[in-house]
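Working notes, beginning with the structure itself.
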Amino acid sequence: MTHASETLTLIGAGLNGPLLALELARRGFKVEIYERRPDMRRVRMSAGRSINLALSRRGIHALKQAGLWEEMEKIIIPMKGRMMHSMSGELTFQPYGKNDSEVNNSISRADLNRALMNAAEAEGVKIYFQQRCTGIDLRTGALRLHDEEAGRHKTVEAAVVIGCDGSASAIRSEMLRLNRFNFSQQYLDYGYKELTIPAGPDGKHVLETGALHIWPRGSHMLIALPNVDGTFGCILFLPFEGTDSFEQLATPAAVEEFFLSRFPDAVPLMPDLSNNFFANPTGAMVTIKCSPWHVEGRALLLGDAAHAIVPFFGQGINCGFEDCTVLLGLLDNGADWKGIFEDFEEARKVNTDAIADLAVENFVEMRDRVADPRFLMRKKVELALEARYPNLFVPKYAMVTFHRVPYATALSRGEVQDRMLADLCDGIEHVEDLDWSRADTLIRRELLSLELS
Ligand SMILES: Cc1cc2nc3c(=O)[nH]c(=O)nc-3n(C[C@H](O)[C@H](O)[C@H](O)COP(=O)(O)OP(=O)(O)OC[C@H]3O[C@@H](n4cnc5c(N)ncnc54)[C@H](O)[C@@H]3O)c2cc1C
């Protein structure tokens with residue numbers, strides 16, 4: 001059995017660390033977090049990996065359980081769908097869900113992070129900043145830390161360590177030295193760059209507020225998510241090398257020319273484009289899969305440390321928060337740490353592998369297919385099928401974003417539904433032409449009723 005008197009040591013005060021820590025502290029554990037960076041509430045820092053995040057059902061569920069949703073709800077912007085910008089500046093809106101209750105939500109990463117740290121500290125969690133974990137003795141739990149400010153090394157004894165230290169996890173690096181540790185990392189040939197669309201002179205958004213804007217251009221794309229301060233956080237996704245790549249955008253003139261030719265309607269909204277472009281780093285995107293996630297009952301990986309995914313389904317943190325929900329559920333059922341960690345991995349690995357694959361797949365959809373009229377028609381067919389068969393045909397995007405259907409189920413049902421859609425949409429131009437009798441046969445033959453939560 002676990003003992004509430006135990007000290008639990010978490011590495012990383014990003015998004016998952018503080019959420020998990022506060023829930024553990026509420027259950028009576030003494031919890032401490034070691035974080036590499038300075039305290040973002042006191043030191044001005046760049047937001048990190050993206051200005052804002054899309055927060056959906058799984059993330060919201062975890063925040064509700066932690067009693068934080070009411071506070072967070074005040075600082076989110078609901079996005080009802082995607083607003084596609086064509087080359088000629090024509091706008092096409094494609095709703096995310098079947099009605100206005102099915103929205104995705106834009107939230108500032110920094111605001112969410114601050115709120116989570118405040119809440120964790122209010123529960124008695126101690127966060128030590130500028131303490132970089134440089135390794136761990138996985139036989140004893142002795143953590144090696146480097147005080148980034150004082151420049152000193154120290155060792156801390158820890159009974160249970162949870163690595164919430166993100167995609168470049170130091171705890172995972174240590175596990176890599178173990179026998180039979182499975183590990184794969186797959187980088188995309190694409191990089192990303194954060195940019196900003198400032199607020200208008202009246203402090204308001206200069207584009208439609210309640211949408212995620214996309215400029216899909218086949219081999220590359222620009223997206224923009226609204227912030228509460230009237231700005232939009234944008235991300236440019238582009239190959240690192242080759243035609244239309246970051247490599248080619250080496251001068252302000254090249255950047256301006258590229259944007260004018262690819263995203264002409266965005267350029268007037270980005271007065272500081274080239275400064276912004278060269279001030280911000282170009283980030284890489286990686287899928288990481290590994291196992292086992294734990295060593296006995298002594299060390300566990302959670303969130304991006306266990307399963308980093310590419311950002312195209314907007315699920316990284318939603319998935320990480322769902323990790324917290326599952327781990328806490330197992331803890332509440334009572335067992336020893338080893339048993340809890342084993343059951344946690346058993347429950348999550350198949351699902352985190354699935355969302356990793358779905359996220360890569362969604363990249364093609366976002367940068368390319370959303371601009372295709374046939375794809376838009378198919379989306380309408382999906383919604384029509386869902387309206388008639390609400391518990392049988394649930395679009396893949398909805399299963400992932402608006403429900404807590406296991407990701408592995410969303411992946412497998414999504415494949416069946418994709419085949420069905422290809423069949424039903426073959427040869428028709430409009431949703432009104434749908435062969436309902438064939439749809440009925442296919443759906444009743446191939447899909448079982450889905451339990452939606
Ligand atoms: C461009 C981009 C856009 C994204 N958009 C979305 C989105 O819309 N929706 C969504 O759900 N997800 C999104 N994600 C994914 C999301 O950001 C991650 O899944 C999430 O941040 C993971 O949380 P985490 O706590 O596991 O790791 P992180 O947030 O990375 O936190 C890790 C923490 O550990 C600290 N740390 C690292 N190493 C050490 C060390 N050695 N010692 C001590 N501390 C350490 C770091 O400083 C950091 O504070 C996006 C990611 C990217 C790159």
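As the structure is a computational prediction, the values presented were derived from the model and not from experiment. We count ligands from 1, going down the list as the structure has it; atoms in each ligand are counted the same way. Positions are given from 1 along the sequence.
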Any N/O of Arg37 closer than 3.5 Å to an N/O of ligand 1?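 N/O-N/O distance under 3.5 Å: yes.
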
Indicate yes or no: does an N/O atom of Gly314 lie under 3.5 Å from an N/O atom of ligand 1?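 Such a contact does occur with ligand 1.
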
Phe393 and Leu383: side-chain contact (heavy atoms from CB on, under 4.5 Å), yes or no, with the steps? CA-CA 9 Å; Phe393 193 101; Leu383 292 178; over 6 Å; no

Does Arg109 come within less than 4.0 Å of ligand 1, judged by its heavy atoms?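 Yes, Arg109 has a heavy atom closer than 4.0 Å to ligand 1.
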
For ligand 1, which part of [X] has a heavy atom less than 4.0 Å away: the side chain, the backbone, both, or neither?
{"X": "Gln131", "value": "backbone"}
{"X": "Ala54", "value": "both"}
{"X": "Met285", "value": "neither"}
{"X": "Tyr192", "value": "side chain"}
{"X": "Leu53", "value": "both"}

Can you list the atoms of ligand 1 that are under 4.0 Å from a heavy atom of [X]?
{"X": "Leu15", "value": "21 (O), 25 (O), 29 (O)"}
{"X": "Arg132", "value": "41 (N), 42 (N)"}
{"X": "Ile11", "value": "42 (N), 43 (C)"}
{"X": "Ile317", "value": "10 (C), 11 (O), 12 (N), 19 (O), 20 (C), 23 (O)"}
{"X": "Tyr34", "value": "43 (C), 44 (N)"}

Between Arg348 and Asp323, is there a side-chain N and carboxylate O pair less than 4.0 Å apart?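 Salt bridge present between Arg348 and Asp323.
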
Look at atom CD of Gln186 and say whether more than 12 heavy atoms of other residues, nucleotides or ligands are closer to it than 6.0 Å.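 No, CD of Gln186 has 12 or fewer neighbouring heavy atoms, counting only those of other groups under 6.0 Å.
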
What do you reckon, is NZ of Lys349 surrounded by more than 12 foreign heavy atoms closer than 6.0 Å?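 Yes, the 6.0 Å shell around NZ holds more than 12 heavy atoms from other groups.
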
With no hydrogens and no angle check, just 3.5 Å: does a side-chain donor-acceptor pair link [X] and [Y]?
{"X": "Glu296", "Y": "Trp337", "answer": "no"}
{"X": "Asn52", "Y": "Ser108", "answer": "no"}
{"X": "Thr243", "Y": "Gln248", "answer": "no"}

For [atom], which candidate among [options] provides the closest heavy atom?
{"atom": "atom 32 (C) of ligand 1", "options": "Gly12, Cys164, Ala13", "answer": "Cys164"}
{"atom": "atom 27 (O) of ligand 1", "options": "Gly166, Gly191, Gly320", "answer": "Gly166"}
{"atom": "atom 15 (C) of ligand 1", "options": "Ala170, Ser173, Gly316, Gly163", "answer": "Gly316"}

Residue pairs fulfilling ring pair (Phe, Tyr, Trp, His ring centres under 6.0 Å) with at least one residue in residues 54-77, sequence neighbours excluded: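 Non-adjacent pairs meeting ring pair (Phe, Tyr, Trp, His ring centres under 6.0 Å): zero.
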
Can a cation-pi geometry be assigned to Lys338 and Phe341, taking NZ or CZ under 6.0 Å from the six-membered ring centre and within 45° of the ring axis?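 No; the conditions do not both hold, so Lys338 does not lie above the ring face of Phe341.
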
Residues in side-chain contact (heavy atoms from CB on, under 4.5 Å) contact with Thr282, at least two apart in sequence or another chain: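 So Thr282 forms a side-chain contact (heavy atoms from CB on, under 4.5 Å) with Lys193, Phe240, Phe246.
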
